[in-house]
Amino acid sequence: MFIMDAHCDTLMDIVEGKRRLADKDKGGQLDLPRMIEGGVSAQIFAIYVPEEYFPGAGTRRALQFVDTFYREIEDNSDKMVFVKTGSDVEKARSEGKIAAFLSIEGGEVLEGRIELLRIFYRLGVRLMTLTWSLRNEIADGAFEERTQGGLTRFGIQVVEEMDRLGMVVDVSHLSEAGVWDVIGGSKKPIIASHSNSKTLCPHPRNLSDDQAEAIARKGGVIGINFAGFFLGRGNRSLEGVINHIDYLSEIIGPRHIGLGSDFDGLPFDELPDELKDVSKLPRIADKLAAQGYSDKDIKGIMGENMLRVVKSVIG
């Protein structure tokens with residue numbers, strides 16, 4: 001089975017020198033040995049730069065992440081491949097290696113300069129979450145709801161350029177108005193890499209039914225986040241993850257659902273007991289099978305859906 005996770009923050013630990021990707025059980029929730037144990041076929045690694053680096057040092061910090069990612073790929077080239085195109089993914093699959101994508105979580109690293117988007121693209125970044133949860137030059141984030149602000153003029157330019165380059169626009173962390181602006185403005189399928197249903201859990205980071213339906217109409221995919229605070233009170237469990245999959249399957253269909261664990265971006269106590277690290281991902285497939293999901297739908301949710309959208313955009 002092809003298993004693809006749309007979001008992890010593991011590079012933060014590696015950049016800070018806490019561990020390497022090949023180190024097993026040296027902290028964190030995702031490493032290469034446990035990815036192999038869990039049967040992971042593709043992983044999207046995020047560049048996340050905290051707000052204390054802005055203004056002035058954010059782009060430089062992001063480039064440190066890029067360098068770290070390249071170093072990890074080089075040191076583990078027998079097991080993992082840096083992928084930038086659909087053909088790269090298929091080559092990795094044929095060789096039995098993990099396809100590693102590089103994304104940006106928070107377009108503030110562009111510091112308002114469109115040329116930096118093109119530079120990051122040339123460095124291999126193929127996805128970008130437009131904001132973290134706060135405001136930046138592109139748009140308001142999910143925690144800026146009081147303003148009702150969406151994309152700025154620069155943000156519109158960024159989305160248009162991402163479409164032109166072949167970069168996936170990711171609306172997780174974006175304000176509600178911003179999500180609608182992207183839905184109306186992007187000509188490509190979009191993703192919410194690590195967001196859940198706002199109906200089941202009314203958190204600003206989650207998506208309304210209308211937004212989920214609109215993402216699906218564009219051919220996009222929503223990656224289910226494993227965090228307790230996005231699953232909802234009393235739902236921090238594998239069952240809670242399945243509840244969000246079930247609900248979204250009802251309103252948009254299983255073809256538009258994937259996984260967005262948020263591993264290494266969460267405290268351990270926010271993760272379901274049954275999903276404490278990446279090696280446990282097959283438990284989701286087992287639970288879906290037990291609930292009567294078809295083999296086709298399970299394969300889609302576990303990775304094929306997200307891969308379909310990413311490949312359709314990046315070429």
Open item on the list: Is it the case that atom NZ in Lys276 sees more than 12 heavy atoms from other parts of the structure closer than 6.0 Å?
Closed with: yes

Task: Side chains of Asp210 and Trp180 in contact at under 4.5 Å (non-hydrogen atoms) - done: yes

Open item on the list: Do Leu130 and His173 make a side-chain contact, defined as non-hydrogen atoms from C-beta onward lying under 4.5 Å apart?
Closed with: no

Task: Euclidean distance, Cys201 SG relative to Asn243 CG, rounded to 0.5 Å - done: 11.5 Å

Task: Leu110 and Val158: CA distance, side-chain angles, deciding distance, side chain to side chain contact (heavy atoms under 4.5 Å, CB included) verdict - done: CA-CA 10 Å; Leu110 304 184; Val158 166; 4.2 Å; yes

- [ ] Assess whether side chain to side chain contact (heavy atoms under 4.5 Å, CB included) is satisfied between Met80 and Leu32, documenting all intermediate values.
- [x] CA-CA 9 Å; Met80 180 176 286; Leu32 190 51; 3.6 Å; yes

Open item on the list: Between Asp297 and Pro254 (side chain of the first, backbone of the second, donor and acceptor by atom type, cut-off under 3.5 Å), is there such a pair?
Closed with: no

TODO: To the nearest 0.5 angstrom, please state how far the CD atom of Glu137 sits from the CD atom of Glu111.
DONE: 7.0 Å

Task: Side-chain donor/acceptor of Gln291 to backbone N/O of Leu288, under 3.5 Å - done: no

Open item on the list: Using a 3.5 Å distance criterion without hydrogens, assess whether the side chain of Ser172 forms a donor-acceptor pair with backbone atoms of His194.
Closed with: yes

TODO: Return the minimal non-hydrogen interatomic distance between Glu51 and Leu134, and the atom names on each side.
DONE: OE1-CD1, 3.6 Å

Task: From CA spacing to verdict: side chain to side chain donor-acceptor pair (under 3.5 Å), Arg126, Ser103 - done: CA-CA 6 Å; Arg126 290 296 180 266; Ser103 71; over 6 Å; no

Open item on the list: Arg19 vs Asp13, test: salt bridge (charged side-chain N to carboxylate O under 4.0 Å, His left out). Steps then yes/no.
Closed with: CA-CA 6 Å; Arg19 57 193 176 102; Asp13 278 358; 2.9 Å; yes

Task: Arg71 atom CZ, neighbour heavy-atom count above 12 within 6.0 Å - done: yes

TODO: Please say which of Asp9, Asn225, Asp5 ends up in a side chain to side chain donor-acceptor pair (under 3.5 Å) with Ser261.
DONE: Asp5

- [ ] Please determine if Arg236 and Glu270 form a salt bridge, counting it only when a charged side-chain N lies under 4.0 Å from a carboxylate O.
- [x] no

Open item on the list: Around atom NZ of Lys299, are there more than 12 heavy atoms from other residues, nucleotides or ligands closer than 6.0 Å?
Closed with: no

Open item on the list: Side-chain heavy atoms nearer than 4.5 Å, only ILVMFWY residues, links allowed to pass through others: does that put Val309 and Ile104 together?
Closed with: no

Task: Heavy-atom pair of closest approach, residues Ile222 and Ala212 - done: CD1-CB, 3.7 Å

Task: Within-4.5 Å side-chain heavy-atom neighbours: Leu275 and Val241 - done: yes

Open item on the list: side chain to side chain contact (heavy atoms under 4.5 Å, CB included) for Gln43 and Phe45? Distances and angles first, verdict last.
Closed with: CA-CA 6 Å; Gln43 178 67 53; Phe45 290 88; 3.6 Å; yes

Task: Distance flag, aromatic centroids of Tyr48 and Phe65, threshold under 6.0 Å - done: no

Task: Glu90, CD atom: more than 12 neighbouring heavy atoms under 6.0 Å - done: yes

- [ ] Verify whether one side chain among Ser41 and Arg93 offers a donor that lies under 3.5 Å from an acceptor in the other.
- [x] no

Task: Ala192 to Leu207 - nearest heavy-atom pair and separation - done: CB-CD1, 3.7 Å

Task: Closest contact, heavy atoms only, Pro272 versus Leu231 - done: CG-CD1, 4.2 Å

Task: Validation row: Val171, Gln211 side chains within 4.5 angstrom (heavy atoms) - done: no

TODO: Please test Leu21 against Phe69 for side chain to side chain contact (heavy atoms under 4.5 Å, CB included), starting from the C-alpha separation and ending with a verdict.
DONE: CA-CA 10 Å; Leu21 193 58; Phe69 181 77; over 6 Å; no

Open item on the list: So, taking the atom named CE in Met306 and the one named OG in Ser193, what distance separates them when rounded to the nearest 0.5 Å?
Closed with: 7.0 Å

Open item on the list: Listing request: all salt bridge (charged side-chain N to carboxylate O under 4.0 Å, His left out) pairs with a residue in residues 32-47, at least two apart in sequence or in separate chains.
Closed with: Lys24-Glu37, Asp25-Arg34, Asp31-Arg34, Arg34-Asp277

TODO: For Glu304 and Ile301, indicate whether the former's side chain and the latter's backbone hold a donor-acceptor pair under 3.5 Å.
DONE: no

- [ ] May I ask you to check whether Asn206 and Ser197 show a side-chain donor-acceptor distance below 3.5 Å?
- [x] no

- [ ] With sequence neighbours excluded, tell me which residues meet side chain to side chain contact (heavy atoms under 4.5 Å, CB included) with Ser87.
- [x] Thr85

Task: Note, Val313 side chain near Pro189 side chain (heavy atom, < 4.5 Å) - done: yes

Open item on the list: If we ignore hydrogens and angles and just use 3.5 Å, is the side chain of Asn235 paired with the main-chain N or O of Gly240 as donor and acceptor?
Closed with: no

- [ ] Look at the side chain of Gln29 and the backbone N and O of Phe263, then say whether any donor-acceptor pair between them is shorter than 3.5 Å.
- [x] no

TODO: Evaluate whether atom CZ of Arg20 has more than 12 neighbouring non-hydrogen atoms of other residues, nucleotides or ligands under 6.0 angstrom away.
DONE: yes

Open item on the list: Is there a salt bridge (charged side-chain N to carboxylate O under 4.0 Å, His left out) between Glu239 and Lys287? Walk through the geometry before answering.
Closed with: CA-CA 8 Å; Glu239 190 67 37; Lys287 186 69 171 177; 3.1 Å; yes

Open item on the list: Can you tell me how far apart CD (Glu144) and OG1 (Thr147) are? Round to the nearest 0.5 Å.
Closed with: 6.0 Å

Open item on the list: Any side-chain to backbone donor/acceptor pair from Asp75 onto Glu72? Under 3.5 Å, distance only.
Closed with: no

TODO: For side chain to side chain donor-acceptor pair (under 3.5 Å), just list the numbers for Tyr247 and Asn196, CA-CA rounded to whole Å, side-chain angles, deciding distance to a tenth of an Å, and then say yes or no.
DONE: CA-CA 10 Å; Tyr247 182 78; Asn196 295 345; over 6 Å; no

Open item on the list: So, taking the atom named CD1 in Ile138 and the one named CD1 in Ile114, what distance separates them when rounded to the nearest 0.5 Å?
Closed with: 8.0 Å

Open item on the list: I'd like to know if the side chain of Arg308 and the backbone of Arg255 have a donor-acceptor N/O pair within less than 3.5 Å.
Closed with: yes

TODO: Provide the closest heavy-atom pair for Pro33 versus Ala22 in the form atom of the first, atom of the second, distance.
DONE: CG-O, 3.5 Å

Open item on the list: For Val109, is there any backbone N or O sitting under 3.5 Å from a side-chain donor or acceptor partner on Thr59?
Closed with: yes

Open item on the list: Checking the side chain of Ser175 only, and the main-chain atoms of Asp140 only, is there a donor and an acceptor separated by less than 3.5 Å?
Closed with: yes

Task: Distance (rounded to the nearest 0.5 Å) between Ile183 CD1 and Arg217 CZ - done: 8.0 Å

Show every donor-acceptor pair shorter than 3.5 Å between a side-chain atom in residues 94-102 and any protein atom, with sequence neighbours excluded, or say none if there are none.
unit_1, atom_1, unit_2, atom_2, d
Ser94, OG, Lys91, O, 2.7
Glu95, OE2, Lys91, NZ, 2.6
Lys97, NZ, Ser77, O, 3.1

- [ ] Please check if any side-chain donor atom of Thr131 sits under 3.5 Å from a side-chain acceptor atom of Asn136, or the reverse.
- [x] no

